[in-house]
There are 2 protein chains.
Amino acid sequence: MARPSRTGETDATRVRRLLRASLIEGEIPPGSKLRVQALATQYGTGASPVREALSSLAAEGLVERLDQRGFRAAPVTLGAFEELLRARCWVEELVLRESILAGGQQWEEALVVARYRLSRTPRRADPSSLRDDPAWDRVHLEFHRALTAACPSPTMLGFCETLRERASRYRGVALTVAYPTRDVAAEHEAIAEAALARQVPEACRLLVEHYQRTAGYLRLALEGSQSLTGC
Amino acid sequence: MARPSRTGETDATRVRRLLRASLIEGEIPPGSKLRVQALATQYGTGASPVREALSSLAAEGLVERLDQRGFRAAPVTLGAFEELLRARCWVEELVLRESILAGGQQWEEALVVARYRLSRTPRRADPSSLRDDPAWDRVHLEFHRALTAACPSPTMLGFCETLRERASRYRGVALTVAYPTRDVAAEHEAIAEAALARQVPEACRLLVEHYQRTAGYLRLALEGSQSLTGC
DNA sequence: ATTTGCAATTTAATCGATAATATTTCATAC
DNA sequence: GTATGAAATATTATCGATTAAATTGCAAAT
């Protein structure tokens with residue numbers, strides 16, 4: 001039965017999209033088992049679309065497939081996190097460089113807008129919450145995308161996006177500690193400033209430091225919480 | 001019916017593996033339609049495993065999914081080729097650098113072996129053939145892997161592998177012209193020499209030139225053959 | 001000759017059922 | 001109390017059939 005959602009989107013594609021978001025956002029914790037029947041019921045469809053979605057997410061690395069034993073959300077480990085961070089710094093540095101070199105007026109203006117929006121959005125709606133406001137998450141993501149958007153290689157930008165998604169799965173795990181005081185807004189400002197001034201080495205240095213600082217806190221939280229095995 | 005291949009490999013996984021090889025090798029030409037029923041018959045299984053395999057290859061970029069219109073082998077275009085080449089040069093340069101910096105004795109020795117094997121394998125068994133000998137393809141692949149193997153980032157190495165696979169899909173399209181005389185063996189020798197001598201800039205320069213030279217011929221062939229649309 | 005409309009055919013997407021496998025439960029022995 | 005193993009249960013992987021959509025073929029009209 002090709003039961004169309006009227007939008008042309010198939011069940012498999014829809015489930016893939018929703019599952020993907022749940023995994024990236026951390027709503028589905030790393031390492032947890034993904035039972036086909038349960039997901040089918042949850043998303044109001046059958047086993048086939050769910051299996052297609054899971055297969056596709058497995059190819060992407062968000063899900064692990066164990067032949068004959070089903071699927072589970074890809075587990076996270078401290079080692080994988082360190083490795084991911086290193087790869088991210090290398091790639092983001094490269095992509096930022098090429099973006100600055102290739103960026104024209106359109107890129108500059110989009111970056112200015114993204115920076116402005118980020119500066120105007122409070123990080124936490126409720127200051128007592130440990131979790132960032134979804135609206136801030138969005139503009140923050142858009143800011144980082146705007147920085148590298150002019151890199152003339154969709155392949156590299158796609159790889160960046162993949163790494164970003166993988167990294168975001170670690171955030172939920174690390175919610176156990178309050179982050180030390182740190183002026184993230186000023187870091188973003190400085191990066192944007194250097195990028196707009198076309199100061200390649202300075203911008204790259206600041207960006208990498210920005211990532212490593214964030215990662216440093218995350219690392220502490222991960223080590224403390226011991227919630228990394230996902231088992 | 002969980003009909004196991006006794007090896008623990010599921011039908012979906014097996015079909016994925018075989019399809020993947022066919023796509024990379026160029027046996028299935030880019031752009032061609034992939035009909036689920038036909039593939040199911042060909043691989044002696046049902047629609048579900050085939051759809052899972054296709055979904056997973058779509059996530060990887062080897063297959064394109066058009067909702068409600070099935071799957072097709074990802075098409076190739078001259079523009080995508082140029083872009084791929086650029087991304088490849090950037091990433092391979094980075095990975096080679098880190099490999100040289102991190103490589104120990106084991107890496108050196110494996111590289112020496114790979115270089116030796118490549119030097120002893122004739123590129124074409126039958127000199128009249130335009131196609132490279134599969135045995136040469138293998139040792140050539142292993143040589144390039146050995147160069148970068150010591151890079152301490154599985155993520156980056158995996159990305160290299162993905163780009164390599166995408167690139168190899170272009171070779172089959174470009175079989176219409178004979179390559180001009182060129183001493184590929186000497187190029188490989190020089191790269192290995194520089195890498196073993198830990199001359200990072202020199203090795204990277206030679207590797208990138210190696211890719212761009214190969215790509216140059218491929219580009220000519222692609223422009224000439226006009227077989228790029230895949231339609 | 002090209003375009004338009006409609007029926008026939010093909011193909012895609014999904015469901016429900018089923019067989020094989022993995023996992024859990026629980027009684028029994030040590 | 002823990003270990004063992006067999007039955008009970010749950011889950012995975014797959015098939016065959018079914019429905020909806022896309023494509024094709026073909027005739028009539030412009």
Side-chain angles (χ1 to χ4, degrees), chain A residues 1-20 22-23 28-29 31-59 62-75 229-231, chain B residues 1-20 22-23 28-29 31-59 62-75 229-231:
Chain A
M1 300 167 182
R3 204 185 24 177
S5 325
R6 205 47 99 204
T7 72
E9 194 183 41
T10 65
D11 274 19
T13 304
R14 179 174 55 86
V15 172
R16 168 177 157 62
R17 182 168 47 76
L18 297 173
L19 256 179
R20 191 161 196 285
S22 286
L23 289 163
I28 297 176
S32 56
K33 190 129 191 31
L34 299 168
R35 280 182 209 84
V36 175
Q37 256 320 315
L39 292 170
T41 307
Q42 180 181 344
Y43 291 114
T45 185
S48 314
V50 170
R51 290 187 64 84
E52 282 182 38
L54 288 170
S55 298
S56 128
L57 293 170
L62 288 173
V63 162
E64 223 174 70
R65 174 169 205 162
L66 304 150
D67 270 3
Q68 236 79 12
R69 281 195 248 173
F71 303 86
R72 65 171 171 173
T229 60
C231 305
Chain B
M1 301 163 182
R3 205 185 22 177
S5 325
R6 204 47 99 206
T7 73
E9 194 184 40
T10 64
D11 274 19
T13 304
R14 179 175 53 88
V15 172
R16 168 173 166 32
R17 183 169 46 77
L18 297 173
L19 257 178
R20 191 160 197 285
S22 285
L23 288 163
I28 298 176
S32 57
K33 191 129 189 36
L34 300 168
R35 279 181 209 83
V36 175
Q37 259 319 318
L39 292 169
T41 308
Q42 181 181 343
Y43 291 114
T45 184
S48 313
V50 170
R51 291 187 64 85
E52 282 181 38
L54 289 170
S55 298
S56 126
L57 293 170
L62 287 173
V63 161
E64 222 175 70
R65 173 169 208 164
L66 305 149
D67 270 2
Q68 236 82 6
R69 282 195 245 172
F71 303 86
R72 63 171 173 175
T229 59
C231 303

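Since this is a predicted model, take the numbers as computed values, not measurements. Proteins get letters first, then strands, A, B, ... in listed order; numbering begins at 1 in each. Note: hydrogens, waters and symmetry copies are ignored here, and every other heavy atom, side chains too, is used.
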Looking only at heavy atoms, which two atoms of B:Ala73 and B:Pro29 are closest? And how far apart?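 Closest approach of B:Ala73 to B:Pro29: CB-O, 3.6 Å.
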
Output yes when A:Glu64 and A:Arg72 qualify as a salt bridge under the 4.0 Å nitrogen-oxygen rule, no when they do not. yes

Spacing of B:Leu62 atom CG and B:Leu54 atom CG [to the nearest 0.5 Å]: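 CG of B:Leu54 is found 11.0 Å from CG of B:Leu62.
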
[X] [atom1] to [N] [atom2]: how many Å, rounded?
{"X": "B:Glu52", "N": "D:dT12", "atom1": "CD", "atom2": "C1'", "answer": "10 Å"}
{"X": "B:Tyr43", "N": "D:dC15", "atom1": "OH", "atom2": "P", "answer": "15 Å"}
{"X": "A:Asp67", "N": "C:dA20", "atom1": "CG", "atom2": "P", "answer": "18 Å"}
{"X": "B:Arg65", "N": "C:dT11", "atom1": "CZ", "atom2": "C1'", "answer": "14 Å"}
{"X": "A:Leu39", "N": "C:dT14", "atom1": "CG", "atom2": "P", "answer": "15 Å"}
{"X": "A:Glu9", "N": "D:dA21", "atom1": "CD", "atom2": "C1'", "answer": "16 Å"}
{"X": "A:Leu34", "N": "D:dA13", "atom1": "CG", "atom2": "P", "answer": "12 Å"}
{"X": "A:Phe71", "N": "C:dA22", "atom1": "CZ", "atom2": "C1'", "answer": "15 Å"}

Should [X] be listed as having a side-chain N or O under 4.0 Å from OP1 or OP2 of [N]?
{"X": "B:Arg69", "N": "D:dA22", "result": "no"}
{"X": "B:Lys33", "N": "C:dA12", "result": "yes"}
{"X": "B:Arg51", "N": "C:dA12", "result": "no"}
{"X": "A:Thr45", "N": "C:dT14", "result": "no"}

Identify whether any heavy atom of A:Ala12 sits under 4.0 Å from a base atom; if not, whether one sits that close to sugar-phosphate; answer base, sugar-phosphate or nothing.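 The residue A:Ala12 makes sugar-phosphate contact but no base contact.
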
Per the end-axis method with five pairs at each terminus, what is the bend angle of the helix from C:dA1-D:dT30 to C:dC30-D:dG1, to 10°? 30°

Residue pair B:Ser48/B:Gln37 against DNA chain C: nearer the 5' end by closest nucleotide is B:Gln37

Partner set under side chain to side chain contact (heavy atoms under 4.5 Å, CB included) for B:Ala59, not counting sequence neighbours: A:Ser56, A:Ala59

Treating B:Thr13 as the side-chain partner and B:Glu9 as the backbone partner, does any N or O pair qualify as donor plus acceptor under 3.5 Å?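 Checked: no pair found.
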
For A:Arg69, I'd like to know if atom CZ has over 12 heavy atoms of other residues, nucleotides or ligands within 6.0 Å.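 Count not over threshold, so no.
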
Looking only at the side chain of B:Gln68 (C-beta and beyond, no hydrogens), which of the listed nucleotides D:dA21, C:dC15, D:dT14 gets closest?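 For the B:Gln68 side chain, the nearest candidate turns out to be D:dA21.
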
Among D:dA21, D:dC15, C:dA12, find the nucleotide with the atom closest to the side chain of B:Arg35. C:dA12

Salt bridge (charged side-chain N to carboxylate O under 4.0 Å, His left out) involving A:Arg65 - partner list, sequence neighbours excluded: A:Asp67, B:Glu52

